[in-house]
Amino acid sequence: MILKYDVIVIGGGHAGCEAACASANMGAKTCLVTMDMNKIAQMSCNPAVGGIAKGQIVREVDALGGMMGLVTDATAIQFRMLNRSKGPAMWSPRAQCDRGKFIWQWRTMLDNTPNLDIWQDQADELLVEEVKGSGDSTSSEGAETYSTPRKNVIGVRTIWGVELHAKAVIITAGTFLNGLMHVGRKMVPGGRIAEPAVEHFTESITRHGITSERMKTGTPVRIDKRSVHFEDTEIQPGETDFHKFSYMGEARQLPQLPCWTFSTNAEVHEVLRSGLADSPLYNGQIHSIGPRYCPSIETKLVTFPDRESHPLFLEPEGTDTNEMYLNGFSSSMPIEVQIEALKRIPALRDMKVYRPGYAIEYDFFDPTQLKHSLESKKISGLFFAGQVNGTTGYEEAAGQGLVAGANAALYAGSDSQHPSSNSQFIMHRDESYIGVLIDDLVTKGVDEPYRMFTSRAEYRILLRQDDADARLTKKAYNLGIASRERLDWWEEKSSHIEHIIDICRKTTMKPKETAGALESFGTTPLRTGCKAIELLGRPQIDIYKLATLIPELQAALDAPENRKEEIAEAAEVRMKYAGYIEREREVADKMHRLENIRIKGRFDYMSMDHISIEARQKLTRIDPETLAQASRIPGVSPSDINVLLVLMGR
């Protein structure tokens with residue numbers, strides 16, 4: 001049987017779901033292929049969305065018309081805004097979710113997306129055709145052009161022999177490609193606990209010249225809530241203010257639950273050390289690299305031998321289950337070692353577990369083989385997103401999935417098999433954390449599972465969680481991902497923000513009229529008059545205190561009722577940090593000059609004696625699109641960039 005589509009998405013995880021929705025919403029006839037329709041967007045590890053920098057990505061996905069923010073708000077059982085003690089560029093939303101309801105909320109979204117079909121099956125072989133003599137390559141001087149065969153993706157064949165044909169295929173297979181799970185010395189093939197691995201599919205891709213490697217990740221034990229002594233823990237409540245993930249939709253509807261925290265101790269560490277000889281990480285079983293910033297408990301013991309304790313967080317999996325997730329105790333130690341060690345913690349002395357922690361090794365593909373559109377450089381129409389690109393985290397996967405889905409739809413709808421740059425959806429580093437993520441992947445590659453941090457973004461003052469809609473919604477609407485309703489939602493908010501800022505710019509504050517109030521706010525009275533926006537720059541004054549002095553501003557802050565806190569916060573951040581924002585925008589604009597200098601296909605790097613050997617090798621392998629991308633490649637120095645500039649001038 002042959003089924004025909006415009007776009008096929010392989011894998012129903014966070015990347016696959018966003019990719020499928022983005023493609024379908026842009027009008028492409030799309031099919032999502034998943035092994036189990038009842039585990040759509042399964043939260044394989046922590047039942048939480050967001051976190052430092054990750055929360056910004058989710059808000060960007062939402063601003064672009066994606067679904068993760070809406071699904072998270074509908075299923076959140078605890079919300080917190082992290083990094084509140086720092087500036088707004090560092091604020092990061094995070095939510096615990098009900099794992100089961102998260103799946104079914106996503107399933108509802110998919111079932112109600114026009115142009116989208118779901119096919120429950122397993123991909124077995126990538127189908128590719130070779131078009132002879134149609135790929136053009138150009139010499140360094142642009143004088144010599146020669147033809148090479150080009151490969152186009154045409155679809156996939158499943159384990160049941162069904163062929164799904166399409167102009168574009170997106171691979172979002174997560175940890176399932178040749179997945180191998182480890183608990184102690186026991187090894188079982190699988191992509192996730194109790195789910196089979198996908199064999200052969202990697203090989204059907206690598207036979208076309210795409211290289212794959214292995215990575216490792218892990219997950220902790222799951223605990224029965226009824227066996228926990230909560231009197232020996234410290235409760236960690238959530239927050240109940242206006243913040244949420246999606247700019248649209250309703251506030252959190254589910255009961256809000258606390259988390260609990262406690263620590264390991266010397267006895268726990270002693271038991272764990274006794275089992276290191278049987279740990280797959282240290283007995284030679286696992287050779288692949290795990291995530292540096294989310295290490296297993298055994299890695300923490302070896303890396304920090306002098307630490308007497310490590311913090312752990314006990315998190316609920318949902319409102320209707322006793323299953324709990326032990327954050328901070330990822331492990332692949334033997335089952336008996338995990339349980340015996342944890343029982344040395346007072347709160348877990350009578351602990352019962354549902355299943356042990358385990359590690360998993362899986363295939364991924366070097367992301368430097370991709371364009372910024374996430375399309376393969378070797379096979380036209382083939383896109384990759386999520387953990388198969390060497391990333392970790394639901395949020396990073398979702399951001400990639402949305403970009404891959406949009407670009408696959410553009411590719412499938414283009415007249416040419418080589419879409420021009422203006423028919424691709426690419427975000428720069430000053431536009432979004434998603435843009436930073438993808439540029440890091442395709443430019444620098446990965447030597448460990450990639451995780452997003454605010455420190456990776458050089459323009460993080462421009463990439464705040466409060467203004468993702470200002471940065472991205474109109475662009476997404478023009479592209480066709482975001483709906484008219486979403487654009488109207490942003491434009492209404494924008495008009496209210498501008499009204500508030502306009503009042504503060506025009507209103508003059510006089511010394512005599514404000515002296516008493518300013519003293520009560522703990523700040524120095526005015527000596528001369530100034531505009532209200534200048535007064536707001538003082539750290540002791542927020543927009544609500546200012547509004548007590550300006551009736552017109554107070555009226556503006558009271559509307560619209562359903563979003564007034566969000567609008568007030570966005571307006572205040574823009575005014576308070578205007579100088580920093582403007583300065584960073586100027587720096588970003590200067591870098592855009594290099595972004596506009598295209599160098600792909602203009603140089604034979606290996607013949608250039610004036611740049612370093614390392615630079616020649618890396619420039620040849622990555623083949624950067626622009627001079628700015630070349631400047632971000634590790635091993636390419638400023639002097640190498642200057643040589644390229646001189647040669648381009650010549």
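Predicted, not measured: the structure shown is a model, and the values here were computed from it. Just so you know, these numbers use all the heavy atoms, side chains as well, and skip hydrogens, waters and symmetry mates. In this chain, numbering begins with 1 at the start of the sequence shown.
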### Query
Any sub-3.5 Å donor-acceptor pair from Arg574's side-chain atoms to Ala571's backbone N or O?
no

### Message
Tell me which pairs pass salt bridge (charged side-chain N to carboxylate O under 4.0 Å, His left out) where either residue lies in residues 250-260, with sequence neighbours left out.
### Response
none

### Task
For the pair Asp6 (side chain) and Thr30 (backbone), establish whether a donor and an acceptor sit closer than 3.5 Å, ignoring hydrogens and angles.
no

### Task
Keeping the roles fixed (side chain from Glu375, backbone from Gly381), state whether a donor-acceptor pair exists under 3.5 Å.
yes

### Task
Identify the two heavy atoms, one from Glu18 and one from Leu402, that lie closest to each other, and give their separation to 0.1 Å.
CB-N, 3.9 Å

### Query
Is there a side-chain contact between Tyr433 and Lys54 (heavy atoms, below 4.5 Å)?
no

### Task
Only one of Glu396, Gln400, Arg451 passes side-chain hydrogen bond (donor to acceptor under 3.5 Å, both in side chains) with Thr391; say which it is.
Gln400

### Task
Kindly say whether Glu519 contributes a backbone atom to a donor-acceptor pair with the side chain of Thr523 at under 3.5 angstrom?
no

### Message
Has Lys576 got a side-chain atom pairing as donor or acceptor with Leu536's backbone, closer than 3.5 angstrom?
### Response
yes

### Query
Side chain of Ser495, backbone of Glu492: donor and acceptor closer than 3.5 Å?
yes

### Message
So does Val71 get a backbone contact from the side chain of Thr75, meaning a donor-acceptor N/O pair under 3.5 Å?
### Response
yes

#### Entry: All salt bridge (Lys or Arg N to Asp or Glu O under 4.0 Å) counterparts of Asp439, not counting sequence neighbours
Arg429, Arg632

### Task
Start with the C-alpha gap between Thr443 and Gln629, add the side-chain angles, then the distance that decides, and say whether side-chain hydrogen bond (donor to acceptor under 3.5 Å, both in side chains) holds.
CA-CA 7 Å; Thr443 301; Gln629 186 190 355; 3.2 Å; yes

### Message
Less than 6.0 angstrom separating the ring centers of Phe245 and Phe79, yes or no?
### Response
yes

### Message
Could you measure the distance from the CG atom of Asp62 to the CG atom of Asp73? Nearest 0.5 Å is fine.
### Response
7.5 Å

### Query
Do side-chain atoms of Glu239 reach the backbone of Arg80 as a donor and acceptor pair under 3.5 angstrom?
no

### Task
Using side-chain contact (heavy atoms from CB on, under 4.5 Å) as the criterion, point out the one residue from Leu472, Val61, Ile57 that pairs with Ser432.
Leu472

### Query
Between the side chain of Arg486 and the main-chain N/O of Leu64, is any donor-acceptor distance below 3.5 Å?
no

### Summary
Taken in chain and number order and not counting sequence neighbours, the residues that satisfy side chain to side chain contact (heavy atoms under 4.5 Å, CB included) with Asn562 are Trp489, Pro560

### Task
List the steps and the verdict of side chain to side chain contact (heavy atoms under 4.5 Å, CB included) for Glu565 and Asp241.
CA-CA 9 Å; Glu565 295 97 341; Asp241 68 3; over 6 Å; no

### Message
Does the structure place the NZ or CZ of Arg59 under 6.0 Å from the centre of the six-membered ring of Tyr247, at an angle of no more than 45° from the ring's axis?
### Response
yes

### Task
Determine the interplanar angle of the Tyr411 and Phe383 rings, folded into 0 to 90°, and report it as parallel if under 30°, tilted if 30 to 60°, perpendicular if over 60°.
perpendicular

### Query
Taking side chain as C-beta onward, heavy atoms only, is Tyr577 less than 4.5 Å from Glu572?
no

### Query
Could you go step by step and tell me if Glu513 and Leu549 meet the side chain to side chain contact (heavy atoms under 4.5 Å, CB included) rule?
CA-CA 9 Å; Glu513 297 173 0; Leu549 306 175; over 6 Å; no

### Summary
On a heavy-atom basis, the closest approach of Leu546 and Leu535 is CD1-CD2, 4.0 Å

### Message
Applying salt bridge (Lys or Arg N to Asp or Glu O under 4.0 Å) to Arg471 and Glu431, what does each step give before you reach the verdict?
### Response
CA-CA 7 Å; Arg471 291 182 272 122; Glu431 286 184 291; over 6 Å; no

### Summary
Rounding to 0.5 Å, atoms CE (Met81) and CZ (Arg84) come to a distance of 5.5 Å

### Cation over ring face, Arg456 and Tyr450, 6.0 Å, 45°
yes

### Task
Check for a donor-acceptor pair, side chain of Thr548 on one end and backbone N or O of Lys545 on the other, with a separation under 3.5 Å.
yes

